[in-house]
Amino acid sequence: MRNSEIAQLLGTIASLLELKGENRFKQIAYADAARQIENWPIPVEDLWKDGRLRKIPGVGEGIAKKIAEYLETERCGFLEELKEEIPLELLELEKVPGVGPKLALMLYQELGICSISALEESVRGGQLRSLPRLGQKSEQNILRGIETLYKQSGRIPLGVAMPVAEGIVAQLRNTCALQEIQVCGSLRRWKETIGDLDLLVSAMDAEPVMKAFITMPEVAQILGVGPTKSTILTSSRLQIDLRVVPPDSWGAALQYFTGSQAHNVHLRELAIRQRMKLNEYGLFSMEDNQKLAGETEEGIYQTLGLEWVPPELREDQGEVEAAQKKCLPRLVELKDIRGDLHTHTEWSDGRDSLAEIARAAERMGYQYLVISDHAQALGVANGLTWERFLQQRSELRSLEFGSGFQVLWGVEANILNEGRLDFPLDSFVTFDLVLAGIHSGLSQTRIQITQRVARALSSGRVDILAHPTGRLIGKRNPFEIEIGEVMATARSVGAALEINTSPERLDLKDIDARTARDKFGLKLALGTDAHSTKSLETMRYGVALARRAWLEPRDVLNTFTLRELCDWIVRRRAQNNPLISR
DNA sequence: GCCGTTTTCGGCCCGACTGTTTTCAGTCG
């Protein structure tokens, strides 16, 4: 799938057009198309072959031609021409916070600057002051921006940001008088990583809230303070924006600050078409400027003729159209989850005992828990031999639980070279549930890894493919794998794909999980991959990811009752080997 | 360059904050 590559091409064109000072709307058109394609679930090559490129919103005659040219010839003449005029390096300059397209272009034209190091040099040399409207404060701003850029390790994983946000919300709620406080932005949409943290407060008087905010012990630097909006940097270099609005604008502000930008733009366009205007203070009539909604988010959506859209869906990926037709999905919720399908104990590399993790799952109100310790080929994780697995089963059978709870005896097998597994294939039917995943040979070629996984799945012995792409967010790229091919194989043997809910992994990612369901009709299995009882709580990140993938309860294996789950396993196994029955 | 529940032409989301300035352009989200 080359969607990202094509999105990047169009995005570069958009940026260069912006630098060049081209018609703003032309530039926006390229940026819109890029964003649509980045998140488009179907390979753009397929659409191109079928002559349906213009099915993508934002792709018209001109952009379709450029995509076609690129797919045919691996180059884009228009981009080449632009690069002749504007050096590509200028895009680097724009990454410095505080440097936008206008300044970047001026720096290049007036001072010949086209790299961050050259920028830093000329600021320190005082050359910047020769330019109009740039003084001492601007110099400081730019130096600070460069420093931020150097220190920034990129976006912050959801699993890191969420607990921090929850702590700060609790703190502010206790220290000052406010009516409501809510995390907004990409964190409320549960994106896998976030750029900064957006907090929204409703209060009659903003001043004490602002004061409490900028004097929190976490504050390392105050980047801006206004009467209704302030920005700080924590000592862990997390940027936090706080906005205070009056209570009667709460809903409008909540909607506005949750985004995404694309979703908001879509809503405001919808408003204009209905002779209304939407901003963070409310929804207004264009005729008499009368306020039509604003106290609640539901009111905003309703007045626009839409169903309320859950934050996880607000990416302008079809949710606005679905909300218009009142056919948004009934998204899976944490309370639908009846069990965890992937956990480890001290038998392999987990921290807690079988009994401890099982009792923790029981306390969470689950109906079942799958213990899935590593198998022998994963030596570093103390993988179990066949004999030790049998001993583990004895221990498991000796434990007693309440009548509504059961532990399933599973395994996380290793997909070895050529797609073999740790034990002879027939032995796997002994386990209640078989997960398998790749833990070695991560740098194999795309063809090798794809075939390896396809062979393992084709054995019919794997119920769930664990962490299908092997990525560690911000640390390790997914391995090269043709995920569409893997999904097709999974469908042919009725296997499910895991959504590994560990916030380090979140694998499959949202867009792939949506494809797995939409295009291949696959079931998804949420597994925390917990190596301690505490990590069982990461299920909420996986549920959020499933919601971002538009999944309904019936798409998620964990929503099944124990009976339904066992039936699914038996049916799946019988389909692949009619002789096997339990 | 895209697009249509007023339009195939004429629109295209909206506001806060900053800096250097006397009224606003640039940046950001």
Side-chain angles (χ1 to χ4, degrees), chain A residues 10 13-14 17-19 21-36 53-67 78 93-107 128-129 131-142 144-145 148 184-187 189 194-200 206 210 222-231 239-245 249 252-253 255-284 286 304-305 316 320 324:
Chain A
L10 297 175
I13 292 176
L17 289 174
E18 192 181 19
L19 275 168
E22 254 286 3
N23 179 329
R24 196 173 128 247
F25 300 109
K26 187 168 167 180
Q27 174 252 316
I28 290 173
Y30 277 95
D32 276 349
R35 202 182 52 230
Q36 282 290 347
L53 276 177
R54 294 182 63 177
K55 289 282 172 231
I56 303 170
V59 175
E61 194 185 344
I63 293 180
K65 264 189 194 158
K66 283 167 185 101
I67 296 174
F78 185 51
L93 280 189
E94 280 191 285
K95 288 184 186 159
V96 177
V99 178
K102 293 288 189 292
L103 181 55
L105 189 66
M106 186 163 69
L107 290 169
L128 229 62
R129 295 198 195 183
L131 299 177
R133 299 179 65 92
L134 287 174
Q136 198 186 355
K137 286 272 178 94
S138 303
E139 284 181 338
Q140 286 171 359
N141 242 348
I142 289 171
R144 199 168 63 196
T148 307
C184 292
S186 43
L187 201 55
R189 304 199 310 280
I194 64 149
D196 59 13
L197 212 156
D198 297 299
L199 290 179
L200 181 68
M210 283 302 172
I222 298 169
L223 298 179
V225 191
T228 65
K229 181 184 168 189
S230 295
T231 303
Q239 183 176 318
I240 309 182
D241 294 339
L242 177 81
R243 185 73 184 262
V244 184
V245 297
S249 296
Q255 195 289 314
Y256 177 83
F257 289 108
T258 298
S260 65
Q261 198 184 356
H263 177 85
N264 285 358
V265 168
H266 200 149
L267 248 53
R268 275 178 236 136
E269 285 169 351
L270 213 59
I272 290 173
R273 258 182 266 150
Q274 300 176 70
R275 310 283 308 150
M276 294 186 267
K277 187 179 85 161
L278 179 62
N279 60 30
E280 63 260 55
Y281 299 109
L283 184 60
F284 301 89
M286 270 188 201
L304 285 170
D316 197 22
V320 177
Q324 273 180 310

When A/Ala29 and A/Asn141 are each assigned the nearest nucleotide of DNA chain B, the 5'-most assignment goes to A/Ala29
Of the nucleotides B/dG19, B/dA16, B/dG1, which has the atom closest to the A/Lys137 side chain? B/dG19
Non-neighbouring partners of A/Lys55 that pass salt bridge (Lys or Arg N to Asp or Glu O under 4.0 Å), sequence neighbours left out: none
Rounded to whole angstrom units, what separation is found between the CE atom of A/Met106 and the C1' atom of B/dT20? 12 Å
Between A/Arg54 (CZ) and B/dC2 (P), how many Å, whole number? 7 Å
Quick one, A/Asp316 with A/His263, criterion side chain to side chain donor-acceptor pair (under 3.5 Å). Give me CA distance, side-chain angles, the key distance, then yes/no. CA-CA 5 Å; A/Asp316 197 22; A/His263 177 85; 6.0 Å; no
Pairing residues for A/Gln27 by the side-chain hydrogen bond (donor to acceptor under 3.5 Å, both in side chains) criterion, not counting sequence neighbours: none
Base paired to B/dC3 (Watson-Crick or G-U; both N/O distances under 3.5 angstrom): B/dG10
For A/Thr258, side-chain hydrogen bond (donor to acceptor under 3.5 Å, both in side chains) partners two or more places apart: A/Arg188
Which part of the nucleic acid, if any, lies within reach of A/Thr231 when heavy atoms closer than 4.0 Å are counted: base, sugar-phosphate only, or nothing? nothing
If you assign A/Gly62 and A/Arg24 each to the DNA chain B nucleotide with the nearest heavy atom, which residue ends up on the more 5' nucleotide? A/Gly62
From CG of A/Leu134 across to P of B/dA25 the rounded distance in Å is 16 Å
Salt bridge check: are A/Glu18 and A/Arg24 linked by an N-O gap of less than 4.0 Å? no
Please tell me if A/Ser138 has a side-chain N or O lying less than 4.0 Å from either OP1 or OP2 of B/dT18. no
Answer whether the closest heavy-atom distance between the side chains of A/Asn264 and A/Leu278 falls below 4.5 Å. no
Of the listed nucleotides (B/dT18, B/dC12, B/dC2), which one gets closest to any side-chain atom of A/Glu269? B/dC12
Which parts of residues 274-284 of chain A get close to DNA chain B, meaning a heavy atom less than 4.0 angstrom away? A/Arg275, A/Lys277, A/Leu278, A/Asn279, A/Glu280, A/Tyr281
Which atoms of nucleotides 26-29 of chain B (N or O only) lie under 3.5 Å from a protein N or O atom, and what are those distances?
from   : atom 1 : to       : atom 2 : distance (Å)
B/dT27 : OP1    : A/Gly100 : N      : 2.9
B/dT27 : OP1    : A/Gly100 : O      : 3.3
B/dT27 : OP1    : A/Leu103 : N      : 3.0
B/dT27 : OP2    : A/Lys102 : N      : 3.2
B/dC28 : OP1    : A/Gly98  : N      : 2.4
B/dG29 : N2     : A/Tyr256 : OH     : 2.4

The criterion is salt bridge (Lys or Arg N to Asp or Glu O under 4.0 Å); which residues satisfy it with A/Glu94, sequence neighbours excluded? none
Rounded to whole Å, please give me the gap between CD in A/Glu61 and C1' in B/dC2. 11 Å
